[in-house]
Amino acid sequence: MEANLATTNLLLGIMAAVGVLEALLLIGLGIVAFVLYRRVTELVADFEKRVAPTMARVHAILDDVKDVTAKVREETDRVDHAIRATMDRVDDTADRVRSNVRAKTSQVVGFVRGLRVVIEGILHLGSRPQPRADRADKVM
């Protein structure tokens with residue numbers, strides 16, 4: 001039985017040594033993790049210090065772009081309104097000119113048509129056959 005106890009004690013000693021090594025390993029990993037955490041936080045803080053002015057400039061540029069976009073939109077709306085108003089005025093003017101030209105030219109066209117009828121009547125007056133007497137009696 002003593003041999004069994006010696007073996008058991010040896011195994012228990014090995015297990016205790018492994019437990020101590022595991023504890024030391026865990027403590028070492030904890031220290032490494034803490035050191036890495038501090039380095040990463042320092043890097044992030046340094047990065048934020050470097051990026052903060054750039055981000056402020058980017059935000060200022062974006063605000064300027066927003067203002068410029070709003071002004072361009074306002075000017076575009078104003079120009080669009082002006083163009084539409086001008087087109088409406090041009091259409092109204094064209095309609096008035098068209099109606100005035102029609103009114104004045106209709107008198108001239110009527111006069112020319114009447115003159116043509118008169119000229120045709122004069123030219124054909126001598127060439128028209130005279131109605132015969134027997135035909136004149138039938139018509140009346």
Side-chain angles (χ1 to χ4, degrees):
M1 222 79 192
E2 286 185 27
N4 287 339
L5 284 176
T7 307
T8 305
N9 287 339
L10 178 68
L11 289 175
L12 284 175
I14 292 172
M15 287 172 57
V18 168
V20 169
L21 286 175
E22 283 179 351
L24 290 174
L25 182 67
L26 282 175
I27 291 171
L29 285 175
I31 292 171
V32 169
F34 181 72
V35 169
L36 286 176
Y37 170 76
R38 283 183 54 193
R39 285 185 183 171
V40 168
T41 16
E42 288 174 4
L43 286 173
V44 168
D46 187 44
F47 180 73
E48 286 178 352
K49 287 179 187 175
R50 290 182 184 177
V51 171
T54 306
M55 290 304 293
R57 281 187 247 138
V58 167
H59 287 293
I61 290 170
L62 289 176
D63 289 341
D64 289 345
V65 167
K66 182 180 173 184
D67 293 340
V68 168
T69 304
K71 287 180 184 177
V72 166
R73 186 177 299 121
E74 290 172 4
E75 290 298 317
T76 303
D77 290 342
R78 189 179 68 80
V79 168
D80 185 50
H81 177 70
I83 287 173
R84 288 182 190 274
T86 303
M87 287 174 56
D88 290 341
R89 281 185 267 148
V90 167
D91 288 342
D92 291 343
T93 303
D95 289 341
R96 276 190 259 129
V97 167
R98 188 179 308 121
S99 66
N100 287 340
V101 167
R102 280 184 185 157
K104 295 195 186 217
T105 56
S106 65
Q107 293 173 356
V108 173
V109 168
F111 177 75
V112 170
R113 286 181 182 166
L115 186 62
R116 186 183 70 176
V117 169
V118 169
I119 291 173
E120 286 178 357
I122 291 173
L123 291 176
H124 294 291
L125 184 65
S127 65
R128 280 193 187 162
Q130 293 296 328
R132 289 187 276 165
D134 58 334
R135 254 190 180 174
D137 293 335
K138 290 181 185 176
V139 174
M140 288 188 185

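Just so it is clear, the structure is predicted and the values come from calculations on it, not from any experiment. One is the number of the first residue; the rest follow in order along the sequence.
Using a cut-off of 4.0 Å between Lys/Arg side-chain N and Asp/Glu carboxylate O, R73 and D77 are scored as not salt-bridged. Look at D95 and R98 and you find a salt bridge, because one of the NZ, NE, NH1 or NH2 atoms lies within 4.0 Å of a carboxylate O, short of that distance. Classification of D80 and R84 as a salt-bridged pair holds, one side-chain N sitting under 4.0 Å from a carboxylate O. Comment: E42 does not engage R39 in a salt bridge, judged by the lack of any side-chain N to carboxylate O separation of less than 4.0 angstrom.
L25 and F34 fall into different hydrophobic clusters, defined by Ile, Leu, Val, Met, Phe, Trp and Tyr side-chain heavy atoms under 4.5 Å apart, directly or through other members. Hydrophobic cluster membership is shared by M87 and V79, with clusters built from Ile, Leu, Val, Met, Phe, Trp and Tyr side chains linked at under 4.5 angstrom. There is a path of hydrophobic side-chain contacts, each under 4.5 Å, that joins F47 to M55.
For V65 against T69, the heavy-atom pair with the smallest separation is O-OG1, 2.6 Å.
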What's the verdict on salt bridge (charged side-chain N to carboxylate O under 4.0 Å, His left out) for K71 and D67, showing C-alpha distance, side-chain angles and the deciding distance?
CA-CA 6 Å; K71 287 180 184 177; D67 293 340; over 6 Å; no
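One distance of note links CD1 of I61 with OG1 of T54; it measures 10.0 Å at 0.5 Å rounding. Atom OG1 of T105 is separated from atom CG of N100 by 10.0 Å, given to the nearest 0.5 angstrom. Interatomic distance, L115 CG to I119 CD1, rounded to the nearest 0.5 Å: 4.0 Å. Remark: D88 CG to T93 OG1 distance equals 10.5 Å, nearest 0.5 Å. Between M15 atom CE and L10 atom CG the span is 11.5 Å, to the nearest 0.5 Å. For the atom pair NE2 (H81) and OG1 (T86), the distance works out to 9.0 Å, reported to the nearest 0.5 Å.
At a threshold of 4.5 Å between non-hydrogen side-chain atoms, the residues E74 and R78 do not count as touching. Side chains of V51 and E48 form no contact here, defined as non-hydrogen atoms less than 4.5 Å apart.
In this view, D91 satisfies the salt bridge (charged side-chain N to carboxylate O under 4.0 Å, His left out) rule with no residue, not counting sequence neighbours.
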